[in-house]
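Below is one structure, written out as structure tokens; the observations come after it.
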Amino acid sequence: MTAADTKIFDIGHFSVHDGPGIRTTVFLKGCPLRCLWCHNPESQSEKSEIFFTPSRCVGCGACFTVCPASCHRMENKMHLFDRKRCTQCGICAANCPAGALELCGRHLSPEEVMAEVLKDRVFYETSGGGMTVSGGEPLAHFDYLFHLLSLARKEKIHTCVETSGYASFEHIRALIPLVSLWLWDFKASEADHRRLTGVEAERIRGNLRKLDACGAPLVLRCPWIPEINDSSAYSEELLEISAELKSVRRIEIEPYQPLGEDKYKRLGRPLLCEAKFPSKKASGDYLKFLQNRTNIPVVEG
Amino acid sequence: MKYAEIKREWGNYYRGISSHCVSRPFNPLKKEMDAFAEANPGLSPMMLKAGQYEIIADKFIPVLLPHNPFFFETGLKMAEYDGRVDLSSGGWLYLRNVALYSDSPEKAADYRRYCYGDLIGLHLSYGPYYDYDHHCFPFSNMLELGLSGILKRLEEGHAGNTEPEKAEFYEAARRGILAVRKIAEKFAAAAEEKLASAESPEERKNLERIRTAARRIPWNPPQTFYEGLECLWFFHELGSVLDGIGMSVLGSPDRQLIRLYRRDIQEKRLTEAEAYELICLYMLQTDSKLDFDRPIEGQFNAGEQGDTLILGGLDESGNDVTNELTFLFLKAHRELKLTYPKIHIRFSSRTPAVLFQEAAKDFLADRNVLSFLNDDIVIPSQIMAGKTPESAARYVAGGCWENILEGYEHSQGANSYFSLGKCVDLSIHEENEDEKSLELPFRKLDGATSFEGVYSIVMDNIKLALHQLFSIQQKYGALWTQVNPCPFFSACLNGCAESGRDYSAGGACYSPHGIPFTGVAVLVDSLLALKTICFGENPVPLPRLLAVIRNDWRDAEALRCRAMASPHLGDGKGEAARLTARILNDLADYVAGFRNELGGIYQCGLYSYRDIIDWAKVTRATPDGRRAGDFLSQGLTPARTHADAVTQVFSDTASLPLLRFPANSVLTLSLSKNGLTEALLSGFLKAWVLVRGSGMLQLNCISREELEDAQKNPQNHASLIVRLYGYSAKFITLSEEKQREFISRNIY
């Protein structure tokens, strides 16, 4: 994919979950993985998509008249949206006054993104924050990412890249000088990896070891979804690899949050799995369990 | 004895003089004061005030609270005293003279017109005409000079005077000073008497301390940290009891007492632990007066007390004053789990990182009790208003946010709240009978053919209402000096002794009136919605939109959505910020053309009190998509219907001409607690200072889930304290309406 094709699906200001300090998180659209618990389903496709929220529709009919593919119609006071005919042109969303139709994914140049990021510079300076590039899978947009991180480096802004690690290591190696901290997802045990994420673990683990060998600072981010990925093998492999690696600063456990369920509905897609929301006690116990077996700080992410 | 028990014991005393036990007006000395007036017909208000002072000094019975090393309690002020004239003996003269405001048909008509402003949600008459609350006693002068020094300064002023009116001021002020001396002597005598039967070492120690101190201070300047603290509290209490105006501010103890504290420590008269104990007892005094567990709906004054403590900030040389006392006061407030006094921390770009970190701690423990002032905005704004840098450095916020230069001026920050949102309403809707009684010819927007036309009509209507407000104030404000002159308070201010005039006659160094605007976002967002919908792409005819708004947006949800999706204050995109800056400059320019009846300036502000709820009920639908009755926006804060990031809000507010708003510019924000740490929050606070996001920040760190759970299961959230509109209260004690307002705020 060329940098000109890369789409952004959100820029999150005042982000306090994606790396140190107060950050601006840039979300790139498109991901080669299909994690069952993915809470950003709009991040998966590289193409623009339409979010449709029927409860917001006020029945004004603006979309009926402007849609060039006649995707929208009203039947029995119900707004129906035919996604099969939709070309994701976004004209309906631009004309929807109620926000019932929203275009997800737009191209912004790295310079445009950086201009937005720089608006929050003072927050980075006072809190030790910076810019995080997330996704989707940001490494799937290497040219764009390289350009964006280079601009950040020029501005002396702290950078994080949140990645699944499923990419060419040559790309990863090229980015090392531009990334202050890697937020590396550790998603599932080797045995479960393909089933739960759609790809094998081998390439990812290999990249992780190579990156570590280069001395790049790392945080392991570990989604924790009860009864989905929380096998004992998962914990053991996490402990094993974190003991082996030299550059892991922290392990962040991310208990499942049902944030994405509504988004699946708005995209007209089925949920990939029905996950359970763990109790605070269960999360706390799991953190303690891990912390008792590693010297690396284990925190809730 | 543990502090909780002490607080309870003091609370028992205050419950005896609370609104639940005594009727209003509360004045145990009313008979004596009335008899004095009858026996001395024809006395001027100034001389009647002198008599009021002496009656108080003669007749009050000193109350020495158990376990309390401080002397101050006269029993002449209700527990819930908030500056209102009918809650203390000090209000006697005011209540006697207040009829002056309406003793002719013309005066009565204007008085009604002025007060209707509040009923229809346009402007607030707290006074009337004058704010009787939110003052700050001139502590620094008293700490430096003592009463004897104040008297000397007064006598020097009097020496060359030949004017009879001024002579009255000097005479009344002198009698006030001597009355205060007598009051202190009576406390000394009471301590002496109690000592005869006191047995416990703690009680004996306190009484001996009081006996000795009350014979020395406040006549002489304090020489120890204990005496300094005593002076602050004594004048905070006595100022109100004597003059009948609310002394909201408890002082800036870290800057005012550090010299005494360090000398005591150096000369081994005091340890840090002993100082901390004194601070704890000092702080408990405010909190013990109110029952913060009582449901607020049924509680007098909505559970608020004005008492305010200021910490930190820059001195007159531009150096940060943060010191060991700053942290001791903050520690006491937190460890004792106090709601009051309100603590305002003054930050600047020179504030040490550790103070930001210390401030952040409370918020992560469900204690949304601190608020923050930005010296880098407030001090230059005061200087721009024509005040000296030395005086500007001594600013405090009286009560909620009303900036006052301690020792140089009185408070006027809360008397004339003015609703910009209501002016939008009156530019669209037909006036009802109450509104018609203002007799103001508000123009309607129907004839406008361009956005500039809309802007002119709305701004002209704002100016029309302001003009009437100022005119009535100018006409009758001067009556204040006949209603309630305050020669004792005035004598302690800089300027009055030299000029021979009471502060109410313009004798102090500065005599400003405040004009705080509320609902900036309603105005800005409304104008931008009109611009977008009626003068942008695919325009809707203005008359059609106005008809929809007049119909409270009924059956026009698409248009309403379009209004709410228009550019708005806080979106960080520039257009709204540019329009807001234009409006603020236009308002400041207009207001700058007026002088008040004392020759002082009107100083603009941007803040809102409970009017975001109360005035919302009488503010009809507005073009920003707000329906009739929906809560109004607060101060400089964006409307609650948008989901922008807090950094975008700062990006907008930081670009505004806030230096032209010396009365204060207040941003009220709620941050999500989720993921916040002490380090992140302190970084956020510092960023607010550095970007110059506003003159003041009222902050909450909360989660919506927690608030909703607190509504359902209040028993699990008893300690959750939230910042409302200038004060904090336990969330579960709030009325359903107040809870709803709080929950409906944006959480960033």
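Lettering of chains follows the sequences in order, A, B, ..., and the numbering in each one begins at 1.
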Original post:
Taking atom CZ of B/Arg704 as the centre, does the number of heavy atoms from other residues, nucleotides or ligands within less than 6.0 Å exceed 12?
Top reply: yes
Original post:
Does NZ belonging to A/Lys119 count more than 12 external heavy atoms closer than 6.0 Å?
Top reply: yes
Subject >> Per-residue contact mode, B/Phe650 against chain A (heavy atom under 4.5 angstrom) >> reply: side chain
Subject >> Test item: A/Ser127 side-chain N/O and B/Gly683 main-chain N/O as donor-acceptor pair under 3.5 Å >> reply: no
Original post:
When rounded to the nearest 0.5 angstrom, what distance separates CD in B/Glu557 from CZ in A/Arg56?
Top reply: 12.5 Å
**OP:** Show your working on side chain to side chain contact (heavy atoms under 4.5 Å, CB included) between A/Thr126 and B/Phe684 and close with a plain yes or no.
**Re:** CA-CA 7 Å; A/Thr126 59; B/Phe684 168 80; over 6 Å; no
**OP:** Determine whether more than 12 heavy atoms belonging to other residues, nucleotides or ligands lie under 6.0 Å from atom CD of B/Glu708.
**Re:** yes
**OP:** Begin from the C-alpha positions of B/Asn674 and A/His17 and carry the test side chain to side chain contact (heavy atoms under 4.5 Å, CB included) through to its verdict.
**Re:** CA-CA 9 Å; B/Asn674 187 13; A/His17 297 280; 3.7 Å; yes
Original post:
Is the CG atom of A/Asn295 crowded by more than 12 outside heavy atoms at less than 6.0 Å?
Top reply: no
Original post:
Heavy atoms, side chains only, cut-off 4.5 Å: are A/Phe14 and B/Leu671 in contact?
Top reply: yes
**OP:** Let me know which of B/Thr647, B/Val646, B/Val691 forms a side-chain contact (heavy atoms from CB on, under 4.5 Å) with A/Asp120.
**Re:** B/Thr647
Original post:
Which atom names give the shortest non-hydrogen contact between A/Ile22 and B/Leu680, and what distance separates them?
Top reply: N-CD2, 3.5 Å
Original post:
Of A/Cys60, A/Pro97, A/Cys96, A/Cys57, which meets side-chain contact (heavy atoms from CB on, under 4.5 Å) against B/Cys561?
Top reply: A/Pro97
**OP:** Using a cut-off of under 4.5 Å on heavy-atom pairs, state which of A/Gly301, A/Ala98, A/Gly128 scores highest against chain B.
**Re:** A/Ala98
Subject >> chain A contact via B/Asp644 - side chain, backbone, both or neither, heavy atoms under 4.5 Å >> reply: neither
